[in-house]
Protein chains: 4
Amino acid sequence: MQYLKDEVKNSILQAALSEFMRHGYSNASMRQIANLAGITPGNIYRYFKNKEDLFQELIHPVYEKFIQYLMEIKDDFDDSYCVINTTNPLDYLRKVESTIVELFKESNVELRILLNLSSGSSYEPVKQELIQLAAHILMKVFIPGEDQQDQAMIEERNLAHMLAGTLIEGVCIILRDHEDGETVRQLVDELLRVYCAGIISRLNI
Amino acid sequence: MQYLKDEVKNSILQAALSEFMRHGYSNASMRQIANLAGITPGNIYRYFKNKEDLFQELIHPVYEKFIQYLMEIKDDFDDSYCVINTTNPLDYLRKVESTIVELFKESNVELRILLNLSSGSSYEPVKQELIQLAAHILMKVFIPGEDQQDQAMIEERNLAHMLAGTLIEGVCIILRDHEDGETVRQLVDELLRVYCAGIISRLNI
Amino acid sequence: MQYLKDEVKNSILQAALSEFMRHGYSNASMRQIANLAGITPGNIYRYFKNKEDLFQELIHPVYEKFIQYLMEIKDDFDDSYCVINTTNPLDYLRKVESTIVELFKESNVELRILLNLSSGSSYEPVKQELIQLAAHILMKVFIPGEDQQDQAMIEERNLAHMLAGTLIEGVCIILRDHEDGETVRQLVDELLRVYCAGIISRLNI
Amino acid sequence: MQYLKDEVKNSILQAALSEFMRHGYSNASMRQIANLAGITPGNIYRYFKNKEDLFQELIHPVYEKFIQYLMEIKDDFDDSYCVINTTNPLDYLRKVESTIVELFKESNVELRILLNLSSGSSYEPVKQELIQLAAHILMKVFIPGEDQQDQAMIEERNLAHMLAGTLIEGVCIILRDHEDGETVRQLVDELLRVYCAGIISRLNI
DNA sequence: AATGAATGAGGTTTCATTCAT
DNA sequence: TATGAATGAAACCTCATTCAT
């Protein structure tokens, strides 16, 4: 009994991963997923309730881990950096980096789907939330002290938002193009170095 | 009659632009485009062979301009920077920047569709091509002289590729989130500043 | 323009009426309706949003008329019969009868679908509501005065409910089996005669 | 082995009874029947050729008993009532009643399925056949003597048909709404009383 | 005898595209 | 030239039935 179940379920998941990666959630075809998995479309529904359920089973673990991780970063950051302004942001980000890379190394494709290809699913607004979280952290770097509401403030906010977005996208790109863990770490390192250098140079103006 | 034809054709193109912008290529509805253009669905097919053809007529000019522009940058770069190494890369990129922003200001929507909303069309792989072109340019910054094939070379290639990708994505993000031309220019400026600072600091190591 | 629309819409409505009549709402097949109408399934959706919408367009007018009519009966009954107990129930029901027959003559099939074949649609609970309304009226015949809550009361309630149900079904059967208006009127007359005789004889016990 | 087989077969039949009762023939799910029976879907097909066969094995005995019973009533009626016109129809119907209720008490669920929930199966037209049989019996009450073919005859035929239908539906309604055998008997008693009173009053005109 | 994974035909619905008018 | 009704293929999904185990 159940002489094939796990094998088939895995082949469906793998096929779905490939199809979602290629066409995004709403343009992915259950028929194509079935073809890729070597089964008939109806059989998918023995393993997953529907398209959204299949997507969720693939993406949710990564989503949860990622959210939890970012929250930890935020809390840690709020505690250690903002109160006593001793930590160098460069050092702080460097510490963060290794954990990020670890998570991405585990779930490269899933994260890219979550962040860039989930339009039409319940995860659609996740990317903006994540970028806003990242922006929140960067904001504290640019405006350490008080909450000014003047023009400068708006510009800083835009800047933080933009840099947060590019940072997230940068990591996505690195992970899309490279499999080797050490290369990934090295490139993220470089990316952070660029960002930190730029941010520091901007703060010093 | 010819006059009427052009008017209708333009209204279709304008409607299509709006619809592709809102829903992306494959989720755009020909019926909705007809509605927006104030005509009937069947009539679209007197002006355009099919959905893909309509998309192409809209996007191709921008695509071509963008490619041509990047080629010019590449050629200019090859001539002015690589041979006699006098120009400051920061100055060079700053010169580039204003042209980029100009192009985006002209064809903001088309470029955003081309880069982010062309999934399902023949332009789907364009973004990657563009990033590779940009990477080629950046390569010349990092490896000014000869074509070494050693390990250091590979690392520089990866770095250039990654930075090119994040740069392109960064510009996309800026254009997605902001309409005002001056804000766009300012943010692109900041983005370049960060990149240049990072790149210079890296070159100086 | 619109050179066929009404004709097709009517053929769909007629086909749907036949299909819903034969198999009920949830077992009716849109494909079969299309076949009966001599069109393709997709074309139905140019005329009706979905299956429920098609059903509603067919059934709602009858439903509304029927509900309104029954409410009028109920109000008229509450006013004329319960307060001053002068009207003979036989006379009252006879007055009611002609109106019922008129409505049924107009929308024979639709009413039968509404009452007996709407399972799965939003009209599913209508029949029970109607029977309860009819039972409410009959209750007033059996228990003219006060609201007793004893055993006799429960029996009267069951009896009223049962007779209301059979009355409704009886009218449905008459209309299913006969087309001629005069025959219908005559049979409903007989049915009411039987009911009234029985009810009166029961009250006299 | 044979013992086990019967046990399984019975559990399937019991499960099917419950499922058909809840959802009707065509909306009943073979998978759900298997679940209720504590076996797997495929195994049902070792005991029953298909869904229709399972339905038939469940319903046919009751159908046959019911038909046979009605035939006996008819024959008994033809012998005792029509030839020597001594028996009071009220007494005769009262005698009939207790047998009807007995049969319903034995096979309440099966009869309700047969009469009201067989849409989509081969038993779908049974209810009409039953009503026509009942109408045939009632005809003998209204037209004791000869087979006139005049207008009066047609009216009597229609009347008998209508009253047979309402009687059957009335019993169905009673059985749908009540579980307790004594309440069922009592309501059927009342229903017959109404019918008899009406029929007698009509005959006396 | 029993399992339950798999199939395949069918369900409702959408939509780019065609074509008679 | 323009209409918009109609088509047909595809979408997601369900389920009675089959069959390798």
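Order of the sequence lines sets the chain letters (A, B, ...), proteins ahead of strands, with each chain counted from 1.
Considering CE of A/Met21 and CG of A/Asn108, their distance stands at 7.5 Å, rounded to 0.5 Å. Rounding to the nearest 0.5 Å places CG of D/Leu13 at 12.5 Å from OG of D/Ser18.
Where A/Tyr45 and C/Arg46 each meet DNA chain F at their nearest nucleotide, the meeting point lying more 5' is that of C/Arg46. Of the two residues contacting DNA chain F, namely B/Gly42 and A/Asn43, the nearest-nucleotide position lying further toward the 5' end is that of B/Gly42. Nearer the 5' end of DNA chain E, as judged by each residue's closest nucleotide, is the contact made by A/Gly38, out of C/Ser26 and A/Gly38.
Look at CG on D/Asp6: it is 17 Å from C1' on E/dA2, rounded to the nearest Å. The CZ-P distance, from C/Phe48 to E/dT13, rounds to 13 Å in whole Å. E/dA9 atom P lies 23 Å from atom CE of C/Met30, rounded to whole Å. Nucleotide F/dC15 holds its P atom 14 Å from the CG atom of A/Asn50, rounded to whole Å. As a whole-Å value, the separation of D/Asn27 CG from E/dG10 P is 18 Å. Rounded to whole angstrom, the span from the CD atom of D/Glu52 across to the C1' atom of F/dC15 amounts to 17 Å. What separates CZ of D/Arg31 from P of F/dT14 is a distance of 10 Å, to the nearest Å. One atom, CD of B/Gln32, and another, P of F/dG4, lie 16 Å apart when rounded to the nearest Å.
Ring-plane geometry between D/Phe20 and D/Tyr25 is classed as parallel, the angle between the planes falling under 30 degrees on a 0 to 90 degree scale with a further cut at 60. Classified by interplanar angle (parallel below 30°, tilted 30° to 60°, perpendicular above 60°), the ring pair B/Tyr63/B/Tyr123 is perpendicular.
Heavy atoms of A/Ala34 sit nowhere under 4.0 angstrom from any nucleic acid atom. Here A/Ala37 lies out of heavy-atom contact (under 4.0 Å) with every strand. The residue D/Ile39 sits close only to the backbone: its heavy atoms come under 4.0 Å of sugar-phosphate atoms, none of a base.
For D/Thr40, counting side-chain heavy atoms from C-beta on, the closest listed nucleotide (E/dT3, F/dA6, E/dG11) is E/dT3. Taking the side chain of B/Lys51 as heavy atoms from C-beta on, and the options E/dT17, E/dA2, F/dA2, the nearest nucleotide is E/dT17.
For F/dA6, the OP1/OP2 oxygens have a side-chain nitrogen or oxygen of C/Tyr47 closer than 4.0 Å. The phosphate of E/dG10 has neither OP1 nor OP2 within less than 4.0 Å of any side-chain N or O from C/Ser29.
For B/Arg112, the CZ atom is densely surrounded, since the number of other residues' heavy atoms within 6.0 Å is greater than 12.
Between the side chains of C/Glu52 and C/Ser122, at least one donor N or O sits under 3.5 Å from an acceptor N or O.
From one end of the helix from E/dA2-F/dT21 to E/dT21-F/dA2 to the other, with five pairs defining each end axis, the axis direction shifts by 30° (rounded to 10°).
Closest approach of A/Ile12 to A/Ile44, counting heavy atoms only: CD1-CA, 4.1 Å.
Ion pairing between D/Glu57 and D/Lys49 fails under the 4.0 Å rule for side-chain N and carboxylate O.
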